[in-house]
Enquirer: 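I am attaching a structure below and will ask some questions about it afterwards.
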Amino acid sequence: MKTVLLKDVSLHLGEKIKLQGWVRNYRKASSKLRFVIFRDGTGFIQAVASKPDMGEENFEKVKLLTIESSLEMIGTAQKHPSRENEYEFLLEDINIINIAPEYPISKKEHGPEFLLNMRHLWLRAPRQNAIMKIRHTCYYAVMEYLESQNFYRFDSPILTPTACEGTTTLFEVPYFDEGSAYLSQSGQLYLEPGIMSLGRVYDFGPVFRAEKSKTRKHLTEFWMMDAEAAFVEHEENMQIQEGLIRHIIRKVIEKNLTELEVLERDVEKLKKADAPFRKITHRQAIDLLKEKGFEIGYEDDFGAQEEVALTEDSDIPLFIEKWPKQIKAFYMKLDSENPDVVLGADLISPEGFGEIIGGSQREDDYDLLLERMKRDNMPLEEYEWYLDLRKYGSVPHSGFGIGFERIVAWMSGTHHIRECIPFPRMINRLKP
Ligand code: 4AD
Ligand code: MG
């Protein structure tokens, strides 16, 4: 007898097969008939337990099942009598593996704190299952696209001696005789040596920011994909980002229609985003905000409200480029046409999911970079290796970093990114 995954059940209709999984729910129809909603991670099916068909002894075993009990089911799958594209499972026998005591998560509304405390169990809920599958697709799509663009995977360290993105959000860890290490905020600085060897590289892993903000877009541990490419300048950098995001959208639509339906995600909105991205300068964005009644200056950064105001008129992502150098990182290259701004862009998602990518062309001139590092009072001896890259075969180069959970939140239409990572870490949450 074959053990079959529910996602493949349509290939085995009428065959005697075995399924392995958990009880999502059950329903007593009569003293002789029970329905078990069964899941195995790849899908759901309704199993029909009929006393006359199974025999008294086997039917008694079905009566022991509780929500989230684990078991093997033996029987045959067939087309659901009334629902299109659905199947049902006619039970012959079951092997009980574990009978679960009363399950703490019920159908009634639970508050987010309760569910987050129960994250280890909450992950089994259909919505959470769907979000994790979409996360998986996004991950795969990133790899696939970067492979097609000749990027090599090049992993950056997590324990680092210095900051990449400013010192205000660094997590400090005691580190033997060296004093302190810091958890990486982005692998970017370490990708830059990588391109001098491999041309184009990317990393993908957890990064850490001691964010004090309690917003729906901030985690203290999140996943970032940083990419870096030699001989790529600002414009091409944005083209690569656009290609990548549009590839992710297509893959999610191709692979996750079932999950998008579970999540009640408006797929049309995603389809509309798969179009040439919009682009404005930071200055134009400020003008637009002023027109909309915001009190904002030409050297200000944007908060959530500003991001929404800038993107509410369209379903297509928006690049905001050429930021005032004062409010961007030391490594961003100055625009030769206007040295007050940098050749950097943030990509803002539609539908209020915020900034999903930060990227820029990098300063490749030794003297200019040194000057900017001095301006920021950076400990130069710690960054000597980084400056070396501007001495030995410096080339124009660019890169960007994706906030992975924000992409997943956008694709899945999930309001808060804490549901877009298996175990979220936030200012007030470290468990489970
Ligand atoms: O814009 P950021 O800070 O850029 C960098 O770290 C660059 N070094 C990346 C690079 O060029 N290789 O961060 C990149 C993205 C943001 O656009 C945002 O989507 C996400 O990371 N992000 C967060 N996501 C969740 N929680 C947080 N606290 C985040 N902070 C940034
Ligand atoms: Mg940013």
Side-chain angles (χ1 to χ4, degrees), residues 135 138 142 146 151 154-156 160 162-171 182-195 200-229 232 234 237-238 240-241 244-245 248 282 301-304 306-307 317-321 323 327-333 342-349 352-363 386 397-411 414 416-421 424-427 429:
R135 182 179 168 103
C138 294
V142 166
L146 291 176
F151 283 79
F154 179 89
D155 297 310
S156 54
T160 61
T162 49
C164 176
E165 293 298 318
T167 50
T168 53
T169 64
L170 279 178
F171 276 110
Y182 304 97
L183 299 182
S184 177
Q185 301 159 305
S186 156
Q188 179 203 323
L189 302 190
Y190 290 94
L191 292 194
E192 291 184 52
I195 59 165
R200 293 181 167 203
V201 297
Y202 72 100
D203 67 10
F204 204 148
V207 293
F208 305 85
R209 295 191 189 182
E211 298 272 11
K212 303 248 162 47
S213 29
K214 280 190 201 167
T215 80
R216 67 188 183 96
K217 293 177 200 138
H218 288 90
L219 298 167
T220 53
E221 173 179 324
F222 63 100
W223 278 59
M224 194 181 304
M225 191 286 300
D226 297 281
E228 198 72 26
V232 165
H234 176 58
N237 193 30
M238 290 189 287
I240 296 171
Q241 293 167 47
L244 173 55
I245 299 298
I248 296 175
H282 177 270
D301 201 349
F302 305 126
E306 287 83 5
E307 284 174 357
L318 173 70
F319 279 115
I320 303 176
E321 60 165 352
W323 292 64
I327 57 171
K328 283 293 187 194
F330 72 96
Y331 51 70
M332 294 193 183
K333 189 174 177 64
V342 291
L343 295 173
D346 283 359
L347 182 63
I348 316 295
S349 78
F353 293 94
E355 180 197 323
I356 47 178
I357 297 187
S360 70
Q361 184 165 346
R362 318 306 189 186
E363 187 51 75
Y386 187 71
H397 65 286
S398 304
F400 59 94
I402 294 189
F404 192 56
E405 285 73 23
R406 292 196 189 169
I407 293 278
V408 177
W410 173 33
M411 290 300 118
T414 306
H416 200 303
I417 65 168
R418 66 189 168 205
E419 289 178 51
C420 297
I421 187 165
R425 301 291 179 241
M426 290 168 286
I427 181 165
R429 175 154 306 272

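Because the structure is a prediction, the values reported are computed rather than measured. Counting starts at 1 for both ligands and their atoms, in listed order. We're numbering straight along the sequence, starting at 1.
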Enquirer: For ligand 1, find out whether one of its N or O atoms is nearer than 3.5 Å to an N or O atom of Gly359.
Expert: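 Between Gly359 and ligand 1, no N or O pair is found under 3.5 Å apart.
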
Enquirer: Relative to atom 13 (O) of ligand 1, which among Glu211, Glu228, Arg209, Glu165 owns the nearest non-hydrogen atom?
Expert: Arg209

Enquirer: Among protein heavy atoms, which lies nearest atom 28 (N) of ligand 1, and at what distance?
Expert: Leu219 O, 2.9 Å

Enquirer: Below 3.5 angstrom, do we get any N/O pair linking Gly358 and ligand 1?
Expert: yes

Enquirer: Go through the side-chain N and O atoms of Asp203 and Ser156 and say whether any donor and acceptor fall under 3.5 Å apart.
Expert: yes

Enquirer: I need the nearest protein heavy-atom contact for atom 12 (N) of ligand 1: residue, atom name and distance, please.
Expert: Asp226 OD1, 2.7 Å

Enquirer: Have a look around the Mg ion (ligand 2) and list protein N/O/S atoms under 2.8 Å, or say none.
Expert: Glu355 OE2

Enquirer: Heavy-atom distance to atom 31 (C) of ligand 1: which of Phe400, Phe208, Tyr202, Phe222 wins?
Expert: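 Comparing heavy atoms across Phe400, Phe208, Tyr202, Phe222, the nearest one to atom 31 (C) of ligand 1 lies in Phe222.
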
Enquirer: Take every heavy atom of Tyr331, measure it against each atom of ligand 1, and state whether any distance is under 4.0 Å.
Expert: yes

Enquirer: For the 3.5 Å polar cut-off, considering only N or O atoms, please tell me whether Glu355 and ligand 1 meet it.
Expert: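 In this structure, Glu355 places an N or O atom under 3.5 Å from an N or O of ligand 1.
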
Enquirer: When you compare ligand 1 with Ile356, is there at least one nitrogen or oxygen pair between them that comes in under 3.5 angstrom?
Expert: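 Between Ile356 and ligand 1 (N or O atoms, distance only) the closest approach is under 3.5 Å.
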
Enquirer: With backbone taken as N, CA, C and O and side chain as the heavy atoms from C-beta onward, which portion of Ile417 lies under 4.0 Å from ligand 1: side chain, backbone, both, or neither?
Expert: side chain

Enquirer: May I ask you to identify the nearest protein heavy atom to atom 11 (O) of ligand 1, giving residue, atom name and distance to one decimal place in Å?
Expert: Arg362 NH2, 2.9 Å

Enquirer: Suppose we measure from atom 20 (C) of ligand 1 to each protein heavy atom; which comes out shortest, and what is that distance?
Expert: Gly403 CA, 3.5 Å

Enquirer: Does the pair Glu405/Arg135 count as a salt bridge with the N-to-O cut at 4.0 Å?
Expert: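 Yes, charged N to carboxylate O under 4.0 Å.
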
Enquirer: I'd like to know if the side chain of Glu192 pairs up with that of Tyr331 as donor and acceptor (distance under 3.5 Å, no hydrogens or angles considered).
Expert: no

